[in-house]
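By convention here, the first residue in the shown sequence is residue 1.
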Amino acid sequence: QVQLVESGGKLVQAGDSLRLSCAASGRTFSSYAMGWFRQAPGKEREFVATISGKGGTTYYADSVKGRFTISRDNAKNTVYLQMNSLKPEDTAIYYCAAGPYSSSARGTYNYWGQGTQVTVSS
């Protein structure tokens with residue numbers, strides 16, 4: 001069982017940067033691939049980024065490529081999402097998730113956090 005708690009979301013202005021964190025419980029954190037997803041009002045939850053268990057492989061949605069960076073610190077059981085050059089369309093609740101392998105598909109992930117709100121004003 002893995003419990004995930006996101007933090008770091010807040011109201012920012014367009015062009016600002018923000019780093020989200022996701023702290024995981026358990027002693028097997030490095031065995032899980034981690035993903036970030038987001039859900040805007042009235043829209044489906046969409047893939048943002050994923051990272052493999054040891055951090056060697058990352059993959060991004062086209063909409064965030066070049067602006068967002070996913071990373072992890074397995075010693076701290078934490079995964080991060082560094083978001084730069086934020087746009088109003090990045091406004092959403094951001095969720096982290098843990099699963100057996102890196103994937104852009106929501107169904108791959110077994111464990112989900114409660115989410116953290118990011119609002120980008122224009």
task: Would you indicate whether the side-chain heavy atoms of E89 and V120 approach each other to under 4.5 Å?
output: no

Y101 meets the ring pair (Phe, Tyr, Trp, His ring centres under 6.0 Å) criterion, sequence neighbours left out, with none

V12-W36 co-clustered via ILVMFWY side chain contacts under 4.5 Å
yes

For A14 and P88, the nearest pair of non-hydrogen atoms, with its separation, is CB-CD, 4.1 Å

| said: Does Y111 have more than 12 heavy atoms from other residues, nucleotides or ligands lying within 6.0 Å of its OH? | reply: yes

Value for CG (D73) from OH (Y80), rounded to nearest 0.5 Å, stands at 5.0 Å

Check: Do the side chains of K76 and S21 get nearer than 4.5 Å, heavy atoms only?
Finding: no

Tightest non-hydrogen contact, residues T69 and Y60, listed as CA-OH, 3.3 Å

(message) Side chains of F37 and W112, heavy atoms from C-beta outward: is any pair under 4.5 Å?
(response) yes

Check: Quick one: do Y109 and Y32 end up in the same hydrophobic cluster if we chain Ile, Leu, Val, Met, Phe, Trp and Tyr together by side-chain heavy atoms under 4.5 Å apart?
Finding: no

Nearest heavy-atom approach of T108 to S103 is OG1-OG, 3.0 Å

Y94 meets the ring pair (Phe, Tyr, Trp, His ring centres under 6.0 Å) criterion, sequence neighbours left out, with none

Residues A49 and L81: closest non-hydrogen pair is CB-CD1, 4.3 Å

Next item on the list: Taking the side chain as every heavy atom from C-beta outward, state whether D16 and L18 have any pair of such atoms under 4.5 Å apart.
Entry: no

| field | Enclosure of K43 NZ (heavy-atom neighbours >12, cutoff 6.0 Å) | value | no

Between the CD atom in E6 and the SG atom in C22, the distance rounded to the nearest 0.5 Å is 5.0 Å

Could you go step by step and tell me if M34 and L4 meet the side chain to side chain contact (heavy atoms under 4.5 Å, CB included) rule?
CA-CA 10 Å; M34 298 298 295; L4 304 172; 3.9 Å; yes

request  = Find out whether the Lys NZ or Arg CZ of R106 is both under 6.0 angstrom from the six-membered ring centre of Y95 and within 45° of the ring's axis.
outcome  = no

Closest heavy-atom pair, A24 versus V2, reported as atoms and distance to 0.1 Å, is CB-CG1, 4.2 Å

- Task: Compare all side-chain heavy atoms of P100 with those of N110 and state whether any distance is below 4.5 angstrom.
- Result: yes

Value for OG1 (T28) from CG (N77), rounded to nearest 0.5 Å, stands at 8.5 Å

Path from F47 to V64 over hydrophobic side-chain contacts below 4.5 Å | no

To the nearest 0.5 Å, atom OG1 of T58 lies from atom CZ of R72 at 12.0 Å

Scanning both residues in full, the closest heavy-atom pair of S63 with R38 reads OG-NH2, 3.5 Å

task = May I ask you to say whether K87 pairs ionically with D90, meaning some side-chain N is under 4.0 Å from a carboxylate O?
result = no

Value for CD (Q114) from OG (S7), rounded to nearest 0.5 Å, stands at 13.5 Å

Here the gap from L86 atom CG to R67 atom CZ, rounded to the nearest 0.5 Å, amounts to 6.5 Å

With sequence neighbours left out, the residues meeting side chain to side chain donor-acceptor pair (under 3.5 Å) with S17 are N84

- Report yes if the side chains of M83 and L20 come closer than 4.5 Å at any heavy-atom pair, otherwise no. yes

